[in-house]
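Here the structure comes first, spelled out in structure tokens, and everything after it is commentary.
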Amino acid sequence: MKDKIIKTAKKYCADLVGFAPAERFEKDSPIFKIMPEVKTVIGLGFRILRGIYRGVEEGSTYYQYTSMAVENMDETVMPIAEMQVAMMLEENGFLAIPQRKHQQIMAEKDSTNPEVAYNAVYRNREEEIQLDFLDTAIKCGLGEKGFHNALLTDEFGPFVRYGFVLTNAEIEPTKEYVPHLCDNCKKCVSACHGNAIDQNGNIDPWVCSAYYNGANGTKNPFMPLGALSDFDDRLDIIAGNAKIDKEKAKKIIDELIFYPPIREYQSSICGRACDVACYVHLEEKGVLTKKFKTPFRKREEWHFDIEDFK
């Protein structure tokens with residue numbers, strides 16, 4: 001059965017497949033609320049194509065990351081693979097429940113998700129049960145936790161997305177990672193366009209959201225030179241050095257209309273600079289098992305001069 005699951009998952013574009021026994025989870029884990037008889041959690045990891053990041057890296061093409069690495073993955077690629085694995089399990093007499101993250105539902109009251117519009121998020125919805133996706137991926141042996149709360153994998157570094165299938169089939173588990181990739185270099189911290197990650201790896205979701213949407217004009221080719229004129233500290237915002245709270249982040253995001261969203265997904269102008277910096281570091285260290293003929297970062301990072309916005 002394990003071999004059948006792996007074969008099916010990989011046929012439908014999963015690159016990584018891991019298995020966690022229910023015993024790895026706390027008794028109050030959402031997996032038992034969703035499926036009380038769960039025996040195994042199947043983790044499916046999907047690479048984000050390295051080439052998709054190149055447009056933002058070069059400052060040439062931006063919609064491909066959001067379109068192909070976020071919207072297409074979440075709405076098409078991953079659900080199809082999860083459904084195919086679940087259907088195969090049910091054809092063999094087992095129960096199976098695919099688990100896709102709902103990007104617009106949050107248990108937190110005052111948080112947000114930079115990948116979707118802040119006013120499209122349903123907050124404080126603790127009754128809407130969702131897995132802790134990162135923790136579940138780690139328990140399934142897909143990877144380890146990076147400094148900036150990304151899943152890091154041996155093959156693709158942080159360039160992955162993931163989903164799950166709960167089942168009452170008992171399947172031989174995958175060993176959990178012994179952490180070895182993240183060395184706390186903090187390249188992710190310095191790479192963030194808005195200083196949203198602190199020195200302890202905590203991420204301010206509202207600051208992250210503002211700069212995910214392109215608040216840093218030195219890295220946003222679509223921002224007019226006179227942008228954000230209603231803010232007294234506009235140059236600090238554009239340079240990524242401003243102090244930003246929730247309400248200020250909303251006002252900034254409302255003015256960042258220089259690039260259209262992809263359906264309900266906000267277009268990423270930062271291109272997940274934190275993940276890219278992490279990937280470049282891991283590649284330079286030579287620890288990634290998936291090799292390429294040329295390095296990802298081929299030249300110094302480009303940026304516009306803050307003086308141009310004065």
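Below, all heavy atoms of this structure are taken into account, side chains as well, without hydrogens, waters or symmetry copies. Note that the structure is a prediction, hence the values are computed from the model and not measured.
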- request: Fit a plane to each ring of Phe222 and Tyr259, take the angle between them on a 0 to 90° scale, and name the class: parallel (under 30°), tilted (30 to 60°) or perpendicular (over 60°).
  value: tilted
Q) How about Lys145: does its NZ atom have over 12 heavy atoms from other parts shown lying under 6.0 Å from it? A) no
Pair Tyr265, Glu75: side-chain N/O donor-acceptor within cut-off below 3.5 Å
yes
Between the CD atom in Glu255 and the CZ atom in Arg234, the distance rounded to the nearest 0.5 Å is 10.0 Å
Check your understanding: Cationic tip of Lys290 within the cone over Phe292's six-membered ring, i.e. under 6.0 Å and within 45° of the normal?
Key -> yes
Identify whether the distance between the nearest side-chain nitrogen and carboxylate oxygen of Arg50 and Glu283 falls below 4.0 Å. yes
Check: For Val41 and Ile31, what are the C-alpha separation, side-chain angles and deciding distance, and is it a side chain to side chain contact (heavy atoms under 4.5 Å, CB included)?
Finding: CA-CA 8 Å; Val41 180; Ile31 69 166; 4.1 Å; yes
Please assess Asp305 against Thr218 for the test side chain to side chain contact (heavy atoms under 4.5 Å, CB included), listing each intermediate value before the final yes or no.
CA-CA 6 Å; Asp305 196 324; Thr218 71; over 6 Å; no
- Query: For atom CE of Met1, is the number of surrounding heavy atoms from other residues, nucleotides or ligands below 6.0 Å larger than 12?
  - Reply: yes
Worksheet item: If you count the non-hydrogen atoms of other residues, nucleotides and ligands that lie under 6.0 Å from CG in Asp232, is the total more than 12?
Response: no
### Message
Quiz question: by atom type and distance under 3.5 Å, do the side chains of His281 and Asp183 form a donor-acceptor pair?
### Response
yes
Do you see a donor-acceptor pair shorter than 3.5 Å between the side chains of Thr112 and Arg123?
yes
Taking only Lys NZ, Arg NE, NH1 and NH2, and the carboxylate oxygens of Asp or Glu, determine whether Arg161 and Asp74 approach each other closer than 4.0 Å.
yes
- [ ] Check whether more than 12 heavy atoms from other residues, nucleotides or ligands sit under 6.0 Å from atom NZ of Lys39, and answer yes or no.
- [x] no
I want to check something: taking the side chain as every heavy atom from C-beta on, are Ile252 and Ile237 in contact at a cut-off of under 4.5 Å? yes
* Asked: Can you list the steps and then say if Glu115 with Lys101 is a salt bridge (Lys or Arg N to Asp or Glu O under 4.0 Å)?
  -> CA-CA 12 Å; Glu115 292 190 337; Lys101 187 174 184 180; over 6 Å; no
message = Less than 4.0 angstrom from a charged side-chain N to a carboxylate O is my criterion; do Lys243 and Asp236 meet it?
response = no
| query | When you check the gap from the basic side-chain N to the acidic O, do Asp132 and Lys139 get nearer than 4.0 Å? | reply | no
Is the shortest side-chain heavy-atom distance between Ile244 and Tyr211 below 4.5 Å?
yes
Here the gap from Asp154 atom CG to Leu142 atom CG, rounded to the nearest 0.5 Å, amounts to 11.5 Å
(Q) If the threshold is 4.0 Å, N to carboxylate O, is there a salt bridge linking Lys291 and Glu155? (A) no
| message | Check for me whether Arg272 meets the cation-pi criterion with Tyr279, that is, NZ or CZ under 6.0 Å from the six-membered ring centre and within 45 degrees of the ring axis. | response | no
Item checked: Under 3.5 Å: donor-acceptor pair, side chain of Glu144, backbone of Ile138 -> no
query = Can you find a side-chain donor-acceptor pair between Tyr62 and Asn220 that sits under 3.5 Å?
reply = no
> Taking the side chain from Thr66 and the backbone from Ile262, do they hold a donor-acceptor pair closer than 3.5 Å?
Replying inline: no
Hey, are Gln266 and Asn213 close enough side-chain-wise for a donor-acceptor pair under 3.5 Å? yes
message: Could you check whether Lys219 makes a cation-pi contact with Trp302, meaning its NZ or CZ is under 6.0 Å from the centre of the six-membered ring and within 45° of the ring axis?
response: yes
Whether over 12 other heavy atoms sit under 6.0 Å from Phe296 CZ = yes
Here the gap from Gln64 atom CD to Met68 atom CE, rounded to the nearest 0.5 Å, amounts to 6.5 Å
Mind checking whether Phe46 and Val160 have side chains closer than 4.5 Å, heavy atoms only?
no
* Centroid-to-centroid, Phe159 to Tyr53, below 6.0 Å? -> yes
d(Thr40 OG1, Met35 CE) to nearest 0.5 Å is 9.5 Å
* Asked: Would Ile253 and Ser209 count as a side chain to side chain contact (heavy atoms under 4.5 Å, CB included) if you check the C-alpha gap in whole Å, the side-chain angles of each, and the deciding distance to 0.1 Å?
  -> CA-CA 8 Å; Ile253 293 168; Ser209 187; 3.5 Å; yes
CG (Asn200) and CG (Asn184) are apart, to the nearest 0.5 Å, by 10.5 Å
One should read off an interatomic distance between His193 NE2 and Cys208 SG, to the nearest 0.5 angstrom, of 11.0 Å
Report yes or no: does Asn168 contribute a side-chain atom to a donor-acceptor pair with the main-chain N or O of Glu37 at less than 3.5 Å? no
For residues Phe133 and Phe164, establish whether the separation of their ring centroids is below 6.0 Å. yes
Set out, in order, the CA-CA distance, both residues' side-chain angles and the distance that settles side chain to side chain contact (heavy atoms under 4.5 Å, CB included) for Tyr162 and Thr153, then state yes or no. CA-CA 11 Å; Tyr162 41 91; Thr153 67; over 6 Å; no
Quiz item: Taking everything shown except Lys251 itself, do over 12 heavy atoms lie less than 6.0 Å from its NZ?
Solution: no
Quick one: side chains of residues 3-10, donor-acceptor pairs under 3.5 Å with protein atoms, not counting sequence neighbours, listed by atom name and distance.
unit_1	atom_1	unit_2	atom_2	d
Thr8	OG1	Lys4	O	2.9

